Each structure stands twice: as C-alpha cells, then as structure tokens.
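Read through the structure below, which is laid out as structure tokens, and then see the notes.
The figures here come from the full heavy-atom set of this structure, side chains too, leaving out hydrogens, waters and symmetry mates. Proteins come first, then strands; the chains are lettered A, B, ... in the order of their sequence lines, and each starts at number 1. All of these numbers come straight from a predicted model, not from anything done at the bench.
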2 protein chains.
Amino acid sequence: MNLLTPRQQEILDYIRDFQDRYGYPPSRREVAGHFGIYPGSVQDHLKALIRKGHLKREPNRSRGLSLNPAPAPLRIVPRYGAVAAGRPRLVPEEAEDRVTLPADWARGEEVFLLRVQGESMAPTILSGDQVIVRRQEQVPEGAVGVFRVDNEVTLKRLYKEADNILLKGDNPVFTPLVIERQDHAGLGIIGQVIGIYRPVI
Amino acid sequence: MNLLTPRQQEILDYIRDFQDRYGYPPSRREVAGHFGIYPGSVQDHLKALIRKGHLKREPNRSRGLSLNPAPAPLRIVPRYGAVAAGRPRLVPEEAEDRVTLPADWARGEEVFLLRVQGESMAPTILSGDQVIVRRQEQVPEGAVGVFRVDNEVTLKRLYKEADNILLKGDNPVFTPLVIERQDHAGLGIIGQVIGIYRPVI
DNA sequence: TTAAATACCATACATTTGTATGGTTGTCAA
DNA sequence: TTGACAACCATACAAATGTATGGTATTTAA
C-alpha cells in the first residue's frame with residue numbers, strides 16, 4: 001500500500017465519490033471529462049493506483065473497477081418509521097427508506113430496521129434507538145420481539161406462564177401484558193430483535 | 001409500484017445480487033448469459049421493471065441501472081478490532097475491514113468503528129458492542145470518548161476537576177483514572193463516541 | 001374475441017468503453 | 001547524467017455495451 005501523489009489521491013477520491021453517488025464506478029472518459037484530461041492519461045493513473053494497491057480492475061469489463069480493500073459484504077434493508085399507533089403495516093412498500101448495513105449486523109432471511117418510540121423497554125432499548133429485527137413467526141422465551149397487539153406494534157420481552165403469554169417491558173413502570181389462551185390468535189409475532197443502534201448525544 | 005411476474009422478480013433479484021457482489025450493476029449481456037436468453041429479451045424485462053418503478057436507467061450509459069427506491073446515502077468507514085493492549089494505532093492501514101453504514105449514523109469528518117472489549121463502560125457500553133467514533137481532538141465534558149493512556153486505547157467518560165482530568169467508566173467497579181496537570185501531554189484524545197451498535201443474543 | 005402484456009428468438013447497428021501506441025515535459029533520486 | 005516515474009497529449013482500434021427491429025407463441029384481462 002504505497003503512498004499516492006496528490007493527483008492520484010484526487011482521482012481516487014473522485015472514483016470513491018462517483019461510486020457512492022451512482023452505485024457504479026466511472027468510465028475512463030468520465031474521469032477524463034471531470035479533470036479535463038484525456039482517457040489515456042486516466043489509464044496511466046489507474047495503472048499507478050492499481051500497482052500501488054488502491055484499486056482492482058477486471059480487464060475489458062466496462063466500469064470494472066473496485067476499491068481495494070473492498071468494503072465488507074453489505075445488506076440493504078428497509079427502515080420503518082416509529083410505529084406507535086395507526087396502521088402498522090411493516091411491508092416494504094411502506095418503508096421510510098432502505099439503508100445499507102454490514103452483512104454481519106443483519107443475518108437472516110428477512111431483516112429490517114425499526115425506529116423505536118417509547119420507553120417501555122428502557123433501559124435496554126430507548127426512545128430514538130433503531131432496532132435490527134429478523135422477521136420470524138416464533139420468538140424464544142425471554143427474547144425481545146416485535147409484536148402486533150390490538151393493531152399496534154410494540155417491543156416487548158416474551159414469557160410463557162401456564163396457558164398465558166406474557167409480554168413484558170424491561171421498564172418496571174409499565175405493567176406486563178397478559179394474553180390468555182383464547183386470545184392467542186390475536187397476538188401477531190412479527191420478529192425478533194437481533195441488534196440495537198443507539199445514537200449518542 | 002406494480003406487482004412483478006415471477007420472471008421479472010428473478011431478474012430483479014439477480015441485479016440486486018450482482019450489484020451487492022461486484023459494486024456495479026450487470027450489463028444486458030451478463031444478465032442474458034446468466035439466464036440463457038438473449039440481450040434483447042433482457043431489454044424487454046428491464047423495460048417492464050422500469051415501467052413498474054423498480055429500476056431506473058441512464059440511457060446509453062453502460063451499466064447505467066440503479067435500484068428504485070435507491071438506498072439511503074451510505075458511508076464507508078474503517079472498522080478496528082478490539083484494542084485492549086498492544087500497539088493501538090487506529091490508522092486506516094491497520095483496519096480490520098471497511099463497512100458501509102447509513103450516512104446518518106456516521107456524521108462528521110472522519111468516522112470509524114471500534115470493537116469494544118471490557119466492561120468498564122457497562123451498562124452503557126458492553127463487551128462485544130461496536131462503537132461509532134468521530135475523530136476529534138477535544139471531547140465535551142461528560143461525553144464518552146476514546147482515549148490513549150499509557151499506549152493503550154480505552155473508552156471512558158471525560159470530566160474536569162480543578163487542574164486534573166478524570167477518565168471515568170460508567171461501571172462503578174472500575175476506579176476513575178486521574179490525570180494530573182503535568183501529565184496532560186501524555187493523554188491522547190482520539191475521538192468521541194457518537195453511536196453504539198449492540199448485537200443481541 | 002380482441003387487445004395488451006409476457007417471454008422469448010435472431011440479427012443488426014451505433015455508442016460507449018477499455019486499451020495501446022508513441023510522443024512531450026518535468027521532477028527526482030542514484 | 002541517466003533512468004524511473006509522473007503527468008499529460010493526440011490518435012486509433014477492438015471489444016463491450018445499449019438499443020432497435022421484426023418475428024413467434026402463450027397468457028390474461030376487458
């Protein structure tokens with residue numbers, strides 16, 4: 001990983017920015033156009049950047065450039081806004097946006113992000129946090145899950161007690177929700193919390 | 001956002017996978033090759049996918065495809081392994097890898113991820129967490145920062161007390177570190193913690 | 001039953017793109 | 001002072017790529 005000249009650094013930065021903005025790398029001519037130079041000159045710079053280990057390239061492939069070291073595998077997941085009340089659908093069409101996460105933060109078939117509102121899971125999960133949720137139809141006892149109760153989405157810990165299901169927040173201020181046997185059908189298990197993101201300050 | 005036929009879904013999925021794997025979208029012929037069909041047929045499918053709102057395209061631009069809706073802006077940041085002892089450099093060349101984060105999780109000039117080892121900041125930050133750090137030379141009083149003390153990197157909360165600087169973990173088991181005036185030069189302020197990721201279970 | 005959409009084939013062509021060549025000028029360390 | 005590197009010009013060409021055309025066959029909704 002050799003040192004770069006100022007010009008080479010400029011060009012590498014441009015390729016990075018282009019990649020982030022468009023989702024694919026620039027062609028030689030696009031780089032040339034941006035710097036007001038010729039494609040052959042860009043080719044010279046690319047050669048240097050490849051030799052110094054900052055870029056990789058697939059020969060004869062259009063836009064076949066990739067940064068080195070390559071970013072770790074990523075995962076694009078939908079992010080949903082805080083769903084306190086209303087019609088909590090949690091279907092991809094109604095996502096707030098889609099964000100990229102490191103793949104190791106989002107393992108599983110179907111994963112999504114959920115903005116948290118409310119303190120019922122404090123201090124484990126706070127209002128303003130974003131939880132990473134793996135969609136699944138069962139949640140192990142004691143784990144934090146996302147549930148649909150009375151057409152509302154809530155974050156709770158699941159426990160079983162005789163024939164009843166208990167949904168308990170970690171915050172002792174909130175009283176646990178008891179769902180009796182005959183009402184189990186009304187309980188919707190959406191998924192399990194597999195990670196927490198908390199912004200600080 | 002219309003419904004897709006099974007074939008169209010297959011092709012959209014392939015484009016997604018290709019994009020994640022290579023960092024750029026496939027050409028018509030690459031899609032055609034994968035499905036054993038002709039480029040013209042792929043063009044037909046792309047037309048349908050664009051009409052139904054799942055893809056965008058730049059005319060006459062090679063690999064000018066992008067997913068719709070586009071993922072939120074992202075940021076590629078280096079991730080460093082747990083630095084309990086040893087030679088804690090925290091320079092990009094020694095990063096464990098680079099990961100993509102949502103841009104709104106990584107605001108600031110220079111941001112990086114750090115794996116946490118040790119319980120001195122419990123229960124705020126636990127061993128196994130990954131903290132998002134903004135590199136800066138000052139840390140506001142009471143904020144969590146990353147510091148270099150005696151050639152070791154630690155996570156602590158910073159306080160001032162007369163002429164001394166106090167580095168305090170949230171975990172009361174650990175005794176605060178007092179750095180006296182004459183030793184201030186030995187204290188390295190690396191950055192401020194701006195976010196926490198915690199894997200669950 | 002008629003039009004629209006789906007899902008292909010086979011061929012063709014213009015544009016974009018990667019790449020090579022040979023040249024000039026300047027810097028900088030051996 | 002000689003050779004390696006940097007940074008560019010100007011031109012050229014083959015390969016990759018996007019795109020269009022006119023087909024065929026089947027399914028689907030009006």
- prompt: Would you say the side-chain atoms of Tyr197(A) and Arg115(A) include a donor-acceptor pair closer than 3.5 Å?
  reply: no
- request: Give the rounded distance in Å between these two atoms: OH of Tyr24(B) and P of dG18(D).
  value: 12 Å
Nucleotide dA14(D), atom C1' - distance to CZ of Arg61(A) in whole Å: 18 Å
query: Ile37(A) has a side chain; which of dC13(C), dA6(D), dC8(D) sits nearest to it?
result: dC8(D)
query: Between dT17(D) and Ser27(B), is there an OP1 or OP2 to side-chain N/O distance shorter than 4.0 Å?
result: yes
field: Of Leu126(A), Ile196(A), Val131(A), Val193(A), the residue whose pairing with Val116(A) passes side chain to side chain contact (heavy atoms under 4.5 Å, CB included)
entry: Val131(A)
- request: Verify the contact: side-chain N or O of Ser62(A) to OP1 or OP2 of dT16(C), cut-off strictly under 4.0 Å; return yes or no.
  value: no
- request: Would you tell me if any nitrogen or oxygen in the side chain of Arg28(B) comes within less than 4.0 Å of OP1 or OP2 on dT19(D)?
  value: yes
message: Side chains of Leu166(A) and Lys160(A), heavy atoms from C-beta outward: is any pair under 4.5 Å?
response: no
query: Do the side-chain N or O atoms of Arg51(A) get closer than 4.0 angstrom to the phosphate oxygens (OP1, OP2) of dA4(D)?
result: no
- prompt: So do Leu12(A) and Leu4(A) actually touch side chain to side chain, heavy atoms under 4.5 Å?
  reply: yes
message: Given 3.5 Å as the limit, does a donor-acceptor pair link the side chain of Asn171(A) with the main chain of Glu119(A), or not?
response: yes
field: Given Ile125(B), Thr124(B), Asp170(B), the one that forms side chain to side chain contact (heavy atoms under 4.5 Å, CB included) with Leu155(B)
entry: Ile125(B)
message: I want to verify a distance call: between dC8(D), dT19(C), dA6(D), whose nearest atom is closest to the His45(A) side chain?
response: dC8(D)
- request: Give a yes/no answer on whether the side chain of Lys52(B) brings an N or O atom under 4.0 Å of OP1 or OP2 in dA5(C).
  value: no
message: Any donor-acceptor pair under 3.5 Å linking the side-chain atoms of Arg61(B) with those of Tyr22(A)?
response: no
task: Give one of base, sugar-phosphate or nothing for Thr5(A), where a contact means two heavy atoms less than 4.0 Å apart.
output: sugar-phosphate
- prompt: If only side-chain N and O atoms of Arg7(B) are considered, is one of them under 4.0 Å from the OP1 or OP2 phosphate oxygen of dA7(C)?
  reply: no
query: Can you tell me if the side-chain N/O atoms of Ser41(B) get under 4.0 Å from OP1 or OP2 in dC8(C)?
result: no
statement: Whole-Å distance, Asn60(A) CG to dC13(D) P, equals 18 Å
query: Nearest-Å distance, CG (Leu4(A)) to C1' (dC5(D))?
result: 14 Å
message: Under 3.5 Å, is there a donor on one side chain and an acceptor on the other for Ser62(A) and Arg63(B)?
response: yes
field: Sequence-aligned protein contact record of nucleotides 23-29 of chain D, with B where the base is within under 4.0 Å of a protein heavy atom and S where only the sugar-phosphate is
entry: -------
message: Rounded to whole Å, how long is the line connecting atom CD of Glu58(B) with atom C1' of dT15(C)?
response: 15 Å
- prompt: In whole angstrom, what separates Lys47(B)'s NZ from dT6(C)'s P?
  reply: 11 Å
Residue met sooner reading DNA chain C from 5', once Pro39(B) and Pro6(B) are mapped to nucleotides: Pro6(B)
- request: Could you tell me whether Glu137(A) atom CD has more than 12 heavy atoms of other residues or ligands within 6.0 Å of it?
  value: no
Nucleotide nearest Arg57(B) when distance is taken to its side chain, options dT17(C), dT19(D), dG18(D): dT19(D)
- request: Starting from C1' on dA16(D), measure out to OH on Tyr22(B) and report it in whole angstrom.
  value: 16 Å
- request: Check whether any side-chain nitrogen or oxygen of Tyr38(A) sits under 4.0 Å from OP1 or OP2 of dC8(D), and answer yes or no.
  value: no
- request: Look at the rings of Phe112(B) and Tyr80(B) and say which category their plane angle falls in: under 30° parallel, 30 to 60° tilted, over 60° perpendicular.
  value: perpendicular
message: Can you see if the side chain of Arg63(A) gets near the phosphate of dT17(C) - specifically, an N or O under 4.0 Å from OP1 or OP2?
response: yes
query: So does Arg29(B) get a side-chain nitrogen or oxygen closer than 4.0 Å to the phosphate oxygens (OP1/OP2) of dT16(C)?
result: no
query: Which angle, rounded to 10°, do you find between the first-five-pair axis and the last-five-pair axis of the helix from dT2(C)-dA29(D) to dA30(C)-dT1(D)?
result: 40°
field: Close side-chain approach of Met121(B) and Val144(B), heavy atoms under 4.5 Å
entry: yes
message: In this structure, how many angstroms lie between the P atom of dA6(D) and the CG atom of Leu3(A), rounded?
response: 12 Å
- prompt: Would you say dT17(D) has OP1 or OP2 under 4.0 Å from some side-chain N or O of Gln43(B)?
  reply: no
